[in-house]
Amino acid sequence: MASMRTARRMFCAAAQAAATPAPSSRWERLRRSKAGVWCGSLLSDYKEAFREMVVGTWERPLKSSVYLSLLGGAYVCFHTKPDQSSFEAALLERSNQLGLLSPWIRNGISDGHVQSLVKLRNEGRLRYASLGLLSVVYRADYDPDATLYEARCSNLSVPWRELPQRVLDVGFTGCWWMLGSKMKDYDINNDEYKHLPAHLQTTTPPSPQQVERNERLHRDSWLPLTMEDKEEERKPVDKMENVSEQSQIKL
């Protein structure tokens, strides 16, 4: 009987061991956890979205190219957006360009705009703001280090709706556009011509025929003179001398 009990216990232990599942690996336990299930569902969603994007691009190439162009343009604009140091460098360069000219030939608009910007910069009233795809430079009423009550009180600060009236320049695709437009023809003083008649104050570009004629005359001026041309030039002079001599003889 004792041997029968021992054998029965051995068979029961073997049956329990067979019924109990083998311990799973660490990767299996991680995949079946809540975090693993959430990550798996997220990856499947991304996989499905990527597949739909590829299929949509293949079915509608024109629409996809437009979207890609817009995204690429926005990426380029964001990375070529000028910063505050580039504005100060551009302002210094424009100021040096005007400083090399005499005050009598400077353009009044260019000189006034650059001088006002330099004055605001020296007073610490220039502000820089990044708006994503572009940058703006605007003027403030006080220096940021000023300790006046008007400069520190938040209730007296300038509201955002007045920002468009305070904007001095706009930076886009690596250029400061208002500064560049103000510096157009910076070496031409229009006040010098205000006393001229109206028809002399404005000039028109030459026509293609006039340009061609001027170029032909310029090329001909570099050609060497021939002896025949000199002889032909002397003949009218000799005739004039003979006519003058005959007139003197008659007199």
Side-chain angles (χ1 to χ4, degrees), residues 66-205:
V66 172
Y67 285 162
L68 289 176
S69 301
L70 292 176
L71 290 176
Y75 178 81
V76 171
C77 293
F78 179 78
H79 282 274
T80 57
K81 174 183 59 177
D83 54 0
Q84 186 175 2
S85 61
S86 67
F87 177 77
E88 293 183 356
L91 180 60
L92 181 60
E93 181 181 359
R94 300 299 188 272
S95 179
N96 291 336
Q97 290 177 354
L98 291 171
L100 295 175
L101 301 176
S102 172
W104 301 104
I105 61 175
R106 295 177 189 171
N107 191 305
I109 297 176
S110 303
D111 190 40
H113 183 71
V114 172
Q115 293 299 330
S116 63
L117 290 177
V118 171
K119 182 180 178 182
L120 291 173
R121 178 184 177 277
N122 295 335
E123 295 176 354
R125 295 170 56 191
L126 283 180
R127 298 290 187 275
Y128 170 83
S130 176
L131 301 181
L133 300 181
L134 51 89
S135 307
V136 294
V137 173
Y138 62 96
R139 60 179 176 86
D141 293 333
Y142 303 97
D143 187 272
D145 297 332
T147 57
L148 297 174
Y149 176 77
E150 293 83 358
R152 295 297 179 181
C153 182
S154 59
N155 296 326
L156 299 177
S157 60
V158 180
W160 283 100
R161 64 175 178 270
E162 295 184 7
L163 181 62
Q165 289 80 18
R166 293 175 172 265
V167 171
L168 299 174
D169 211 329
V170 177
F172 185 69
T173 62
C175 299
W176 293 99
W177 294 91
M178 296 182 67
L179 184 60
S181 63
K182 294 292 185 181
M183 287 295 294
K184 184 179 180 180
D185 298 333
Y186 67 94
D187 55 348
I188 299 176
N189 188 6
N190 296 323
D191 295 336
E192 293 181 346
Y193 311 105
K194 64 182 180 180
H195 301 294
L196 296 176
H199 66 281
L200 294 178
Q201 293 183 5
T202 58
T203 59
T204 57

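Since we're looking at a predicted model, the values are computed, not measured.
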Undergrad: Which heavy-atom pair separates L126 from R121 by the least distance, and what is that distance?
TA: CD1-CB, 3.6 Å

Undergrad: Could you work out, with side chain to side chain donor-acceptor pair (under 3.5 Å) as the rule, every residue matching K182, not counting sequence neighbours?
TA: none

Undergrad: How would you list all residue pairs meeting salt bridge (Lys or Arg N to Asp or Glu O under 4.0 Å) that involve residues 144-155, not counting sequence neighbours?
TA: none

Undergrad: Donor-acceptor pair, distance only, cut-off 3.5 Å: does the side chain of S135 make one with the backbone of K81?
TA: no

Undergrad: Hey, could you give me each pair passing salt bridge (Lys or Arg N to Asp or Glu O under 4.0 Å) that has a residue in residues 129-138? Not counting sequence neighbours.
TA: none

Undergrad: With sequence neighbours excluded, give me every ring pair (Phe, Tyr, Trp, His ring centres under 6.0 Å) pair touching residues 89-121.
TA: none

Undergrad: To the nearest 0.5 angstrom, please state how far the CG atom of D187 sits from the OG atom of S110.
TA: 9.0 Å

Undergrad: What pairs meet the ring pair (Phe, Tyr, Trp, His ring centres under 6.0 Å) rule with one or both residues in residues 115-144, with sequence neighbours excluded?
TA: none

Undergrad: Among all residues two or more places apart in sequence or in another chain, which pass the side chain to side chain contact (heavy atoms under 4.5 Å, CB included) test with P144?
TA: R127

Undergrad: Taking side chain to side chain contact (heavy atoms under 4.5 Å, CB included) as the definition, give me every residue that meets it alongside N190, ordered by chain and number, with sequence neighbours left out.
TA: N107, I188

Undergrad: Do M183 and L98 come within less than 4.5 Å of each other through their side chains, counting heavy atoms only?
TA: yes

Undergrad: List the atom pairs, donor and acceptor, that lie under 3.5 Å between side-chain atoms in residues 85-95 and the rest of the protein, sequence neighbours left out.
TA:
| residue | atom | partner | partner atom | Å |
| --- | --- | --- | --- | --- |
| S85 | OG | D83 | OD1 | 3.2 |
| S85 | OG | D83 | OD2 | 3.1 |
| S86 | OG | D83 | N | 3.1 |
| S86 | OG | D83 | O | 2.6 |
| S86 | OG | D83 | OD1 | 3.1 |
| S86 | OG | W176 | NE1 | 3.3 |

Undergrad: Considering residues at least two apart in sequence or located in another chain, which fulfil the ring-ring contact (aromatic ring centres under 6.0 Å, His included) criterion with Y75?
TA: H79

Undergrad: Tell me the salt bridge (Lys or Arg N to Asp or Glu O under 4.0 Å) pairs involving residues 105-115, sequence neighbours left out?
TA: R106-D111

Undergrad: Got a list of side-chain donor-acceptor pairs under 3.5 Å for residues 166-173, not counting sequence neighbours?
TA:
| residue | atom | partner | partner atom | Å |
| --- | --- | --- | --- | --- |
| R166 | NH1 | R139 | O | 3.4 |
| R166 | NH1 | D141 | OD1 | 3.0 |
| R166 | NH2 | D141 | OD1 | 3.2 |
| R166 | NH2 | D141 | OD2 | 3.2 |
| D169 | OD1 | W177 | N | 3.4 |
| D169 | OD1 | M178 | N | 3.0 |
| D169 | OD2 | L179 | N | 3.0 |

Undergrad: To the nearest 0.5 angstrom, please state how far the CG atom of L134 sits from the OG1 atom of T80.
TA: 10.5 Å

